Amino acid sequence: MDFTYTETQDMIRDTLSRFLADSYGFDARQKMINSETGRDPGIWSALATELGMLSAPFAEEHGGLGGGHVENALIMEEMGKVMAIEPYLQTVVIGGGALKAVGGAQADAIIPSIIGGETTIAFAYAEPQGRYDLANVRTTAKADGAGYVLNGHKGVVYCAPWATHLLVTARTGGGHRERNGVELFLIDANLPGIVRRDYPTVDGNRASEIYFENVAIPGDALLLGGIDLIEHIVDNATVAVCAEATGVMAKLHEGTLDYAKQRQQFGQPIARFQVLQHRMVDMFMEVEQAKSMTLYATLHLDKPASERMAAVSQAKAKVSRGANFVGQNAIQTHGGIGITQELAIGHYFKRATMIENQFGSADYHYERFERIVIDEAN
Amino acid sequence: MDFTYTETQDMIRDTLSRFLADSYGFDARQKMINSETGRDPGIWSALATELGMLSAPFAEEHGGLGGGHVENALIMEEMGKVMAIEPYLQTVVIGGGALKAVGGAQADAIIPSIIGGETTIAFAYAEPQGRYDLANVRTTAKADGAGYVLNGHKGVVYCAPWATHLLVTARTGGGHRERNGVELFLIDANLPGIVRRDYPTVDGNRASEIYFENVAIPGDALLLGGIDLIEHIVDNATVAVCAEATGVMAKLHEGTLDYAKQRQQFGQPIARFQVLQHRMVDMFMEVEQAKSMTLYATLHLDKPASERMAAVSQAKAKVSRGANFVGQNAIQTHGGIGITQELAIGHYFKRATMIENQFGSADYHYERFERIVIDEAN
Amino acid sequence: MDMEFSAEDIAFRDEVRAFIADNHPDMSAKKELGEEMSKEDFLSWHRILHAKGWVAPAWPKEYGGTGWTATQRYIWSEETARADCIRLMPFGLSMVGPVIYAFGTPEQKAHFLPRILSGEDWWCQGYSEPGSGSDLASLRTTAVRDGDDYIVNGQKTWTTMAQHADWGFFLVRTDKDAKQQEGISFLLIDMKSPGVTVRPIITLGGEHEVNEVWLENVRVPVSNRVYEENKGWTCAKFLLAHERTGIAGVASSKRGIERIKDIAKSEQDGDKPLISNAFFKRKIAELQIDLTALEFTELRSLAGEAAGKGPGPESSLLKIKGSEIQQRITELALEAVGHYGAPYFRGFGEGDNEHPIGPDYAHRAAPTYFNTRKTTIYGGSNEIQRNIIAKMVLGL
Amino acid sequence: MDMEFSAEDIAFRDEVRAFIADNHPDMSAKKELGEEMSKEDFLSWHRILHAKGWVAPAWPKEYGGTGWTATQRYIWSEETARADCIRLMPFGLSMVGPVIYAFGTPEQKAHFLPRILSGEDWWCQGYSEPGSGSDLASLRTTAVRDGDDYIVNGQKTWTTMAQHADWGFFLVRTDKDAKQQEGISFLLIDMKSPGVTVRPIITLGGEHEVNEVWLENVRVPVSNRVYEENKGWTCAKFLLAHERTGIAGVASSKRGIERIKDIAKSEQDGDKPLISNAFFKRKIAELQIDLTALEFTELRSLAGEAAGKGPGPESSLLKIKGSEIQQRITELALEAVGHYGAPYFRGFGEGDNEHPIGPDYAHRAAPTYFNTRKTTIYGGSNEIQRNIIAKMVLGL
């Protein structure tokens with residue numbers, strides 16, 4: 001058992017943290033998200049080229065640093081601290097993770113361009129009727145010659161307006177909600193027949209509804225692995241989001257502490273009020289527990305599927321509730337000013353709120369955990 | 001709509017409250033429950049004869065005051081305030097309530113002796129496998145000539161050691177857990193074949209396991225009404241226990257306030273600490289809400305069954321959680337002294353704890369409410 | 001003791017129900033999308049009620065009230081909530097109106113009260129200041145006497161709907177040397193006066209509900225002061241107690257819960273509607289039961305008032321529990337809509353009514369959740385309410 | 001960064017597991033009924049471990065420790081909890097022992113440490129006083145110098161297991177004029193000394209675990225003072241930090257959750273075992289997940305200590321969450337047993353082993369729940385722990 005970071009990991013964190021402190025201040029971020037395209041693509045280029053950050057979790061043979069889940073978690077935590085809207089989760093953790101899992105020619109072809117910053121990926125998995133069930137897929141991929149034809153509607157695809165590629169789940173067979181027949185495809189985002197409606201999201205990102213209308217895709221778009229592969233990469237993504245949450249929650253807590261120490265009411269800083277002190281202690285404990293659970297799940301990502309899923313669901317269930325508690329109490333402690341667009345705190349709260357349900361609500365993950373750990377033991 | 005008490009109701013409360021203040025101090029109660037028989041039968045006689053208290057909810061034709069559920073609630077609240085172990089719930093609310101519902105010769109025969117204090121009743125309904133499901137009954141009543149023969153085991157029958165009569169649920173037909181075939185019988189507690197194992201309960205009462213071994217009972221022991229009647233009288237009892245809870249909770253809160261105002265720590269009364277102040281406010285709010293819910297359910301007891309059940313389950317679910325919260329926080333605020341047998345507070349906590357699950361836990365009542373109000377509306 | 005309505009009450013309820021059905025403007029499309037109401041939307045229903053004489057049920061009959069019994073007023077609030085009627089702005093009808101008829105001069109009453117009832121004047125409330133927050137009495141806006149006028153200088157904040165306001169009622173400091181709660185006066189200020197500037201504050205969901213109000217050498221006639229100079233705190237306290245009536249928001253939370261149920265019947269969870277999910281259902285049940293507890297606590301409190309006890313500090317309980325329930329309703333709605341909580345529609349231009357993304361009920365779920373965090377903060381934060389109960393009820 | 005055990009660690013774990021299986025006394029009957037352990041029960045396992053040299057894994061090797069790595073100690077606590085081994089009394093091994101080897105004289109070390117290891121001396125802790133509660137430093141028991149002795153007078157309370165104790169370590173006031181935390185000394189007192197009286201306190205479940213200890217003119221040799229006069233607070237603080245190791249109680253809560261699962265498989269809820277009830281299952285899941293969070297927070301904290309950071313005030317988190325989990329476990333057990341939580345067995349006479357009423361696992365569910373309320377009170381109440389975090393970690 002060893003919970004220490006390597007020197008490389010420490011270096012990644014320090015480099016990234018310094019870069020984001022310079023480039024991702026609150027005002028800079030607000031400017032990006034209020035711009036026409038909703039982002040500053042220069043940041044992504046800098047992450048790729050100047051910092052080499054996108055290489056962190058990839059193998060050296062692809063030009064990576066040879067890291068893995070721990071590096072992803074580190075980077076996501078830093079992203080969370082500045083509420084970065086960069087498509088690291090979608091491109092590196094999810095897309096890159098799928099390619100690493102599949103390996104071979106597909107990985108060789110695309111990973112280097114991820115590392116270089118040229119390829120950005122959006123993950124089109126959710127459907128309007130599907131909630132968090134990954135097998136609840138109506139989008140079809142019908143075999144057609146050497147390739148497939150895609151039809152269907154994917155909802156709320158984060159970062160899609162910026163993506164060069166889409167990672168799509170679609171059904172090659174099996175009935176609606178059957179696990180069997182759901183497959184993963186990595187396709188060019190600009191193929192004919194792909195219709196996108198873009199919109200901003202409440203947490204400052206951009207997303208799209210994506211409609212596939214007889215989209216012809218090549219055979220090698222299929223990343224072999226079916227629902228098991230999809231579950232694995234979504235578990236990776238879920239833990240990455242937990243890591244992001246630890247950054248967001250830490251900032252909510254820190255911001256609340258700072259505010260409470262300054263804000264005067266009834267002739268003293270409100271930090272003197274014991275009720276607020278204990279509340280901030282409870283927030284602190286949630287932050288610490290979120291860190292612990294993220295670590296726990298990170299270290300289980302390469303375990304056998306049922307162990308991995310149980311660990312990930314434990315983490316997400318706890319982090320979802322913790323993010324809710326910390327976010328709500330940060331706002332409450334700030335009072336009115338917390339509800340305005342003016343302070344960063346409200347924006348952290350919005351991101352924390354969206355994280356709660358991303359890749360499954362607390363209830364969804366409690367139920368998954370119970371199914372694996374309690375029902376199956378009976 | 002009218003939420004005021006009548007003069008008679010005010011009088012009942014005042015009379016009882018004065019009597020209990022004199023006769024049911026903490027030391028007096030401890031002496032009773034630690035005595036060989038676990039009670040002072042003189043109290044019951046006094047309630048019957050001196051105060052005429054047992055006549056409150058009965059019709060004037062039976063020698064009663066003509067009251068009903070409101071009177072029962074009033075009396076139970078006062079009982080709760082002193083943690084009375086008197087069998088008012090079992091004898092008057094449950095037994096008397098069943099007889100009032102059935103009416104006729106059976107009511108004429110027994111109600112006067114309840115009012116007079118000669119008849120005390122225990123309610124033998126729970127079975128070891130049955131949890132809170134009233135239809136989960138294995139005890140059988142087999143027709144035999146003009147009467148029946150009882151066989152089975154009833155568990156944790158409160159006040160049974162003191163009872164002259166037992167009110168028993170038993171199955172005349174239908175399969176285990178079927179509603180159909182469950183009936184109610186009022187029988188002499190000392191019939192041949194009734195075997196009792198008596199024991200104290202954690203909340204200061206006495207109870208028994210009761211085994212029926214080929215007990216021959218007469219035909220007129222049957223109180224006609226089946227499971228519907230049983231549900232009705234258990235709903236009455238549940239609300240009575242909610243009313244008792246409001247008395248217990250009020251005392252837990254009051255005792256905590258008093259203690260916090262006196263107890264010095266760090267050079268000041270602990271009541272000065274804001275965290276404890278807000279906690280005591282939260283306790284206060286639970287007490288008030290328990291009172292509101294008890295009132296709500298009391299006023300619904302004569303409504304059609306589904307309305308009545310929904311209201312009673314709302315009340316019990318809320319009161320169960322409130323009793324839990326108020327009890328635990330009373331102890332926590334007292335600190336170590338709250339966990340000893342020396343102060344009354346710990347004994348109120350024990351009674352509050354037992355009330356939580358009496359006639360169904362919070363979960364049981366949430367589920368019943370959901371079944372009636374949410375599922376059936378879909 | 002009983003909870004039955006009399007035959008008269010039932011007849012009244014039927015009358016109210018019919019009146020609403022026949023007269024309430026149709027706002028369903030806007031409501032389903034969670035769109036903000038315009039000033040005209042609010043006033044449309046206000047004017048209909050004014051014409052009927054039902055716009056101010058809580059006012060004494062002599063000033064334009066309805067003369068209803070407490071039970072009738074309860075029925076009225078139940079029925080308007082049940083029908084999801086357009087909310088009446090409280091600033092005139094529930095706030096400054098009662099202060100004027102309780103403390104105002106005959107001239108103030110004659111001038112302002114009819115205009116409040118008719119909706120001619122839109123009011124706003126100038127209480128909070130940057131820095132004052134929960135500590136209202138620490139306010140710093142000053143009013144200095146200059147002949148028959150006060151010269152007012154200062155800044156107010158969180159001023160709801162000030163962008164529409166014709167008039168505002170303000171707490172200002174008229175004696176700097178007095179102790180905090182003394183030296184405050186209650187002024188009625190024409191919002192069109194020179195020196196009044198209203199600046200929007202945009203809240204988390206993108207709403208423009210609240211504002212900053214800047215007062216720079218604003219000249220206010222002394223005749224617009226209500227009650228005595230330096231005794232404005234008396235008006236403020238009166239208003240606070242008055243404001244708490246209906247603060248529990250029971251009726252509108254009932255609507256809210258029904259709306260959640262509707263959403264949960266539409267949303268799918270696997271092969272069943274979400275409302276069949278045991279845990280989602282439980283959250284609805286908890287809300288519904290907590291709301292019953294709140295409703296009966298309010299009814300007990302009203303019964304106490306009817307018996308002459310007056311609204312006591314226990315009304316803080318109604319504020320605390322009522323606001324928590326309102327928040328939980330918005331939280332549950334957001335949970336219900338799943339992925340479609342994320343899209344944000346503020347980007348659409350004026351007049352663009354197309355909202356094709358996700359179900360209509362999902363449209364404003366997240367912004368409403370964000371915005372509703374305010375309910376435990378404003379009107380005296382829930383921490384302050386707990387302090388009040390601790391001090392006034394529990395004697396701590 | 002990884003969480004795998006090395007091959008050596010796994011070999012060690014197997015050795016430990018085998019040793020426990022071969023040597024632990026069988027207490028299953030008593031445990032299932034929730035019966036209190038006798039002094040001899042406690043000592044039986046203590047003596048076996050002492051013979052093996054494993055009784056004090058946390059001690060330095062020179063004083064009789066095992067010399068295990070942090071991982072080995074973790075494995076040891078996991079395995080003993082997994083096997084539900086008899087708890088070792090902490091008063092000698094975890095409390096006064098470390099104080100003596102850290103601050104004691106060579107004579108004190110030579111005399112007391114071996115007797116603690118062997119179990120020859122049973123220790124108790126004389127800290128709390130009536131009235132002192134969470135405010136430990138307000139203690140009033142005095143020790144006045146008289147030649148080579150102190151004369152001790154005062155009263156201690158909540159003295160756990162004092163009824164069995166041969167020796168006690170006491171905080172006493174040796175300088176009345178000094179500020180609260182100064183003027184306190186740390187004395188070792190022979191409980192058989194004239195003037196020492198132990199009186200039982202019976203707790204809610206009927207247990208006799210704690211006592212009042214009266215000290216009337218008790219003569220204590222100055223040589224039984226640990227560390228300097230008036231510097232006893234230093235020892236107390238050291239002990240407090242030491243006491244917190246393992247305070248999370250993760251391993252035993254794991255056992256507790258497994259036990260709840262067993263109960264919930266036996267109890268019926270309609271036609272299914274209780275563990276299939278969605279809400280009961282959810283409560284188990286919540287406990288289990290919260291326990292994972294606690295376990296990994298403790299492991300992170302241990303890793304920090306291993307990296308030389310020492311146990312910090314964040315160990316208050318472990319106390320808070322650990323004690324809350326312990327309470328929830330007992331609460332869930334009581335909920336699980338339904339009606340059979342009510343029967344109370346204390347009435348049975350000595351030697352009567354018949355417990356025919358309800359299932360064995362129900363026997364002590366309620367008393368254990370009542371008694372376990374203490375975990376958020378003792379060892380520095382959870383309110384005090386929050387104060388500590390607020391001050392020491394958050395700088396409030």
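None of the values given here were measured: they were computed from a predicted structure. Order of the sequence lines sets the chain letters (A, B, ...), proteins ahead of strands, with each chain counted from 1.
Contact check for C:Thr141 versus C:Leu215: side-chain heavy atoms found under the 4.5 Å cut-off. Residues A:Val168 and A:Phe212 form a side-chain contact, since some pair of their non-hydrogen atoms from C-beta on lies under 4.5 Å apart. C:Gln125 is not listed as a side-chain neighbour of C:Val213, based on a closest heavy-atom distance of 4.5 Å or more. Within the 4.5 Å cutoff, no side-chain heavy atoms of C:Met161 are placed close to those of C:His208.
Of the listed residues (C:Ser132, C:Ser381, C:Gly341, C:Pro367), the greatest number of heavy-atom pairs within a distance under 4.5 Å of chain A belongs to C:Ser132. In terms of heavy-atom pairs under 4.5 angstrom with chain C, the leader among A:Pro128, A:Gly155, A:Ala135 is A:Pro128. Comparing A:Ile337, A:Asp133, A:Asp203 by heavy-atom pairs within less than 4.5 Å of chain C, the highest count is held by A:Ile337. Among A:Thr353, A:Ile339, A:Asn357, the residue making the largest number of heavy-atom pairs under 4.5 Å with chain C is A:Ile339. Comparing C:Leu274, C:Asn382, C:Leu204 by how many heavy-atom pairs each has under 4.5 Å with chain A, the most go to C:Leu204. Most heavy-atom pairs under 4.5 Å with chain C: of the set A:Tyr199, A:Phe273, A:Tyr132, this distinction falls to A:Tyr199. Chain A forms the most heavy-atom pairs under 4.5 Å with one residue out of C:Arg386, C:Lys374, C:Glu267, C:Glu383, and that residue is C:Glu383.
Contacts of C:Asn277 with chain A are made by side-chain atoms alone, with heavy-atom separations under 4.5 Å and no backbone atom involved. Using a 4.5 Å cut-off between heavy atoms, A:Gln341 touches chain C through backbone and side chain atoms alike. For A:Arg206, no part lies near chain C; criterion is any non-hydrogen pair under 4.5 Å. Heavy-atom distances place no part of C:Ser138 under 4.5 Å from chain A, backbone and side chain included. Heavy-atom distances place the side chain of A:Arg177, and not its backbone, under 4.5 Å from chain C. C:Ala366 touches chain A through its side chain: at least one heavy atom from C-beta onward sits under 4.5 Å away, while N, CA, C and O do not. Both the backbone and the side chain of C:Phe370 come within contact range of chain A, with heavy atoms under 4.5 Å apart. Contact of C:Leu136 with chain A is not made at all, since no heavy-atom distance falls under 4.5 Å. For C:Ser128, no part sits under 4.5 Å from any heavy atom of chain A, backbone or side chain.
Side chains of C:Gln163 and C:Asn211: a donor on one and an acceptor on the other come within 3.5 Å. Side chains of A:Arg171 and A:Thr139: no donor on one and acceptor on the other come within 3.5 Å. Remark: the A:Tyr158 side chain and the A:Gln358 side chain contain no N/O donor-acceptor pair separated by less than 3.5 Å. Counting only N and O atoms by type, the side chains of C:Glu324 and C:Thr376 include no donor and acceptor under 3.5 Å apart. For the residue pair C:Gln327 / C:Tyr369, no side-chain donor-acceptor distance below 3.5 Å is found, with atom types taken as modelled. Between the side chains of A:Glu127 and A:His153, no donor N or O sits under 3.5 Å from an acceptor N or O.
Under the salt bridge (charged side-chain N to carboxylate O under 4.0 Å, His left out) criterion, C:Glu335 pairs with C:Lys283, sequence neighbours left out. Taking the salt bridge (charged side-chain N to carboxylate O under 4.0 Å, His left out) definition, one finds that C:Glu286 meets it with B:Arg321, sequence neighbours left out.
Within residues 361-368 of chain A, the residues approaching chain C closer than 4.5 Å by heavy atoms are, in numerical order, A:Asp363, A:Glu367. Residues of residues 322-332 of chain A placed with any heavy atom under 4.5 Å of a heavy atom in chain C are listed by number as A:Asn324, A:Gln328, A:Ile331, A:Gln332.
Side-chain N or O atoms of A:Glu209 include one that pairs as donor or acceptor with a backbone N or O of A:Val156 at under 3.5 Å. Side-chain atoms of A:Trp162 do not come within 3.5 Å of backbone N or O of A:Glu86 as any donor-acceptor pair.
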Quiz item: Where do C:His363 and C:Tyr340 land on the ring pair (Phe, Tyr, Trp, His ring centres under 6.0 Å) test, with the steps shown first?
Solution: CA-CA 8 Å; C:His363 186 176; C:Tyr340 284 97; over 10 Å; no
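How far CD1 of C:Ile247 is from OG of C:Ser323: 8.0 Å, rounded to the nearest 0.5 Å.
The pair C:Arg364-C:Glu207 counts as a salt bridge, with a side-chain nitrogen and a carboxylate oxygen less than 4.0 angstrom apart.
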